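Here is the structure we will look at.
As the structure is a computational prediction, the values presented were derived from the model and not from experiment. Atom set for the values below is all heavy atoms of this structure, side chains included, hydrogens, waters and symmetry mates excluded.
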Amino acid sequence: MTKIDIIGRGNVASHLKKAFASKSDVNIVNPHTLSDLREDSDLYLISVKDDAIPIVAKKLKARVCKDSIVAHTSGTTPLSALNGVCRNTGVFYPLQTFSKDVELKYSEIPIFIEGNSKRVEKLLKDSASLISKRVSMADSGKRRDLHIASVFCCNFTNHLWTLADEYLTKHGLDFKTLLPLIMETTRKASVSGPASSQTGPAVRHDQGILDAHCRRLEEEMEPELQDIYSLLSLSIMSHHPKK
């Protein structure tokens, strides 16, 4: 079985260990001490915060076999961050939001691969294919673009849910009331595409409702929500010109 050392203790590292548990000989390593590092593993996955990747990589130098692969799991850190660590370097980027206590279907998680040689790319693809059916190549530029898009569709969207939750709580209403709406919006976007699925007063250019909502937020002294509402409404209207 492929020997894999995962260097990290965060959510990504924990889930990668679960994913590989029955597929390979996997080992979790403390990124601060490297005390559990096996020096004869086939693949070393650095799964730490972006700014810590060069630090961990420097510690690995001269401690891994010459034929081993050292790869990081970041979407934004370039492959060049591993220059000089060893002969074989790469990137193993799973595009998903990870929480330690949330079960995931690993076979559906897209994994993006980059290597400093065709041989490394093939070996990384083979390893990724052990746990996912959706393995693709992506260089540092494409991974950066994927990560930016991910921030929009995941992090920003979740923050808007947070604002909606706080607003509803303020008025004695329950955020769970919106869950069917959220699920149907996601379903339609996955079937027809997000642009075709857009609904609401902004896409209809219904200025009366837009103004009424903004006045309500102004009356309630919610300047942040008012600014966000106006900015996003303008963006929607620019994407969907009035017919």
By side-chain hydrogen bond (donor to acceptor under 3.5 Å, both in side chains), Lys170 pairs with (sequence neighbours left out) Glu222
Minimum heavy-atom distance Thr177-Pro180, with the two atoms named: O-CD, 3.5 Å
Within the 3.5 Å criterion, strictly below it, is a donor on Ser74 or Asp50 matched to an acceptor on the partner's side chain? yes
Would a single hydrophobic cluster contain both Leu95 and Val135, if residues Ile, Leu, Val, Met, Phe, Trp and Tyr are joined by side-chain heavy-atom contacts under 4.5 Å? no
Sort and list the pairs that fulfil ring pair (Phe, Tyr, Trp, His ring centres under 6.0 Å) and have at least one residue in residues 112-155, not counting sequence neighbours. Phe152-Phe156
Would Ile53 end up clustered with Phe92 when hydrophobic side chains under 4.5 Å apart are linked, directly or stepwise? no
Going by side-chain contact (heavy atoms from CB on, under 4.5 Å), name the residues that satisfy it together with Leu130, two or more places apart in sequence or in a different chain. Phe20, Lys23
Pairwise distance OG(Ser14) to CZ(Arg9) - rounded to 0.5 angstrom: 10.0 Å
Could you tell me the separation between the CG atom of Leu16 and the CD1 atom of Ile111, rounded to the nearest 0.5 Å? 7.5 Å
So, do Tyr106 and His15 sit near enough that their side-chain heavy atoms are less than 4.5 Å apart? yes
So, the side chain of Ser140 versus the backbone of Leu79: is there a donor-acceptor pair under 3.5 Å, distance only? yes
What's the separation between atom CG in Asn11 and atom CZ in Phe98, rounded to the nearest 0.5 Å? 9.0 Å
Residues in side-chain hydrogen bond (donor to acceptor under 3.5 Å, both in side chains) with Arg187, at least two apart? Glu184
Working note: Leu168 + Leu178, criterion side chain to side chain contact (heavy atoms under 4.5 Å, CB included); need CA distance, chi angles, decisive distance, verdict. CA-CA 10 Å; Leu168 289 175; Leu178 299 181; 3.7 Å; yes
Show every ring pair (Phe, Tyr, Trp, His ring centres under 6.0 Å) that has at least one partner inside residues 23-76, sequence neighbours left out. none
Provide the closest heavy-atom pair for Lys18 versus Lys100 in the form atom of the first, atom of the second, distance. NZ-O, 3.5 Å
Out of curiosity, does Val12 fall in the hydrophobic cluster containing Leu45 (side-chain heavy atoms, cut-off under 4.5 Å, transitive links)? yes
One pair to check against side chain to side chain contact (heavy atoms under 4.5 Å, CB included): Glu219 and Arg216. What are the steps and the verdict? CA-CA 5 Å; Glu219 291 167 0; Arg216 173 64 171 166; 4.2 Å; yes
Are any side-chain N or O atoms of Ser132 and backbone N or O atoms of Arg134, one a donor and one an acceptor, separated by less than 3.5 Å? yes
Given the rule in the side chain to side chain contact (heavy atoms under 4.5 Å, CB included) test, do Asp5 and Asp36 qualify, once you have shown the distances and angles that lead to the verdict? CA-CA 9 Å; Asp5 273 26; Asp36 302 316; over 6 Å; no
Going by the side-chain hydrogen bond (donor to acceptor under 3.5 Å, both in side chains) test, which pairs reach into residues 83-93, not counting sequence neighbours? Asp67-Arg87, Thr89-Asn116
What one should report as the nearest heavy-atom pair of Ile7 and Pro31 is CG2-CA, 3.7 Å
Quick one: does Arg143's side chain have a donor or acceptor within less than 3.5 Å of a partner on Pro78's backbone? no
Look only at the side chain of Ser235 and the backbone of Leu231, and say whether a donor-acceptor pair between them is shorter than 3.5 Å. no
Pairwise distance CE(Met137) to CD1(Ile113) - rounded to 0.5 angstrom: 7.0 Å
Quick one: are Ser230 and Cys214 in side-chain contact, heavy atoms under 4.5 Å? yes
Atom NZ of Lys17: over 12 foreign heavy atoms under 6.0 Å: no
Quick test of your reading: applying ring pair (Phe, Tyr, Trp, His ring centres under 6.0 Å), list the pairs with at least one residue in residues 224-243, sequence neighbours left out, ordered by first then second residue. His213-Tyr229
Suppose the criterion is side-chain hydrogen bond (donor to acceptor under 3.5 Å, both in side chains): which pairs have a residue in residues 190-205, not counting sequence neighbours? none
Pair Lys59-Leu37, side chain to side chain contact (heavy atoms under 4.5 Å, CB included): steps then yes or no: CA-CA 11 Å; Lys59 291 179 181 178; Leu37 188 78; over 6 Å; no
The reported gap from CG in Leu34 to CZ in Arg63 (rounded to nearest 0.5 angstrom) is 5.5 Å
Distance check, rounded to the nearest 0.5 Å: Lys176 atom NZ versus Asp165 atom CG? 10.5 Å
Taking only residues two or more places apart in sequence or in another chain, which ones pass side-chain hydrogen bond (donor to acceptor under 3.5 Å, both in side chains) with Asp211? Gln207
Between Leu225 and Ile236, is there a shared hydrophobic cluster once you connect ILVMFWY residues whose side-chain heavy atoms come closer than 4.5 Å? no
For Ser24 and Ile4, work out which heavy atoms get closest and say how close. OG-CD1, 3.6 Å
List the residues meeting side-chain contact (heavy atoms from CB on, under 4.5 Å) with Lys3, not counting sequence neighbours, and say none if there are none. Asp25, Arg38, Asp40, Ser41, Asp42
Distance-minimising heavy-atom pair for Gly8 and Val48: CA-CG1, 4.1 Å
Can you sort out the partners of Glu103 under side-chain hydrogen bond (donor to acceptor under 3.5 Å, both in side chains), two or more places apart, ordered by chain and number? none
So which atom in Val70 and which in Leu82 form the shortest heavy-atom distance, rounded to 0.1 Å? O-CD1, 3.5 Å
If the condition is side-chain contact (heavy atoms from CB on, under 4.5 Å), which residues does Thr185 pass it with, not counting sequence neighbours? Leu181
For the hydrophobic clusters of this structure (ILVMFWY residues joined by side-chain heavy atoms under 4.5 Å, transitively), does one cluster hold both Ile228 and Tyr167? yes
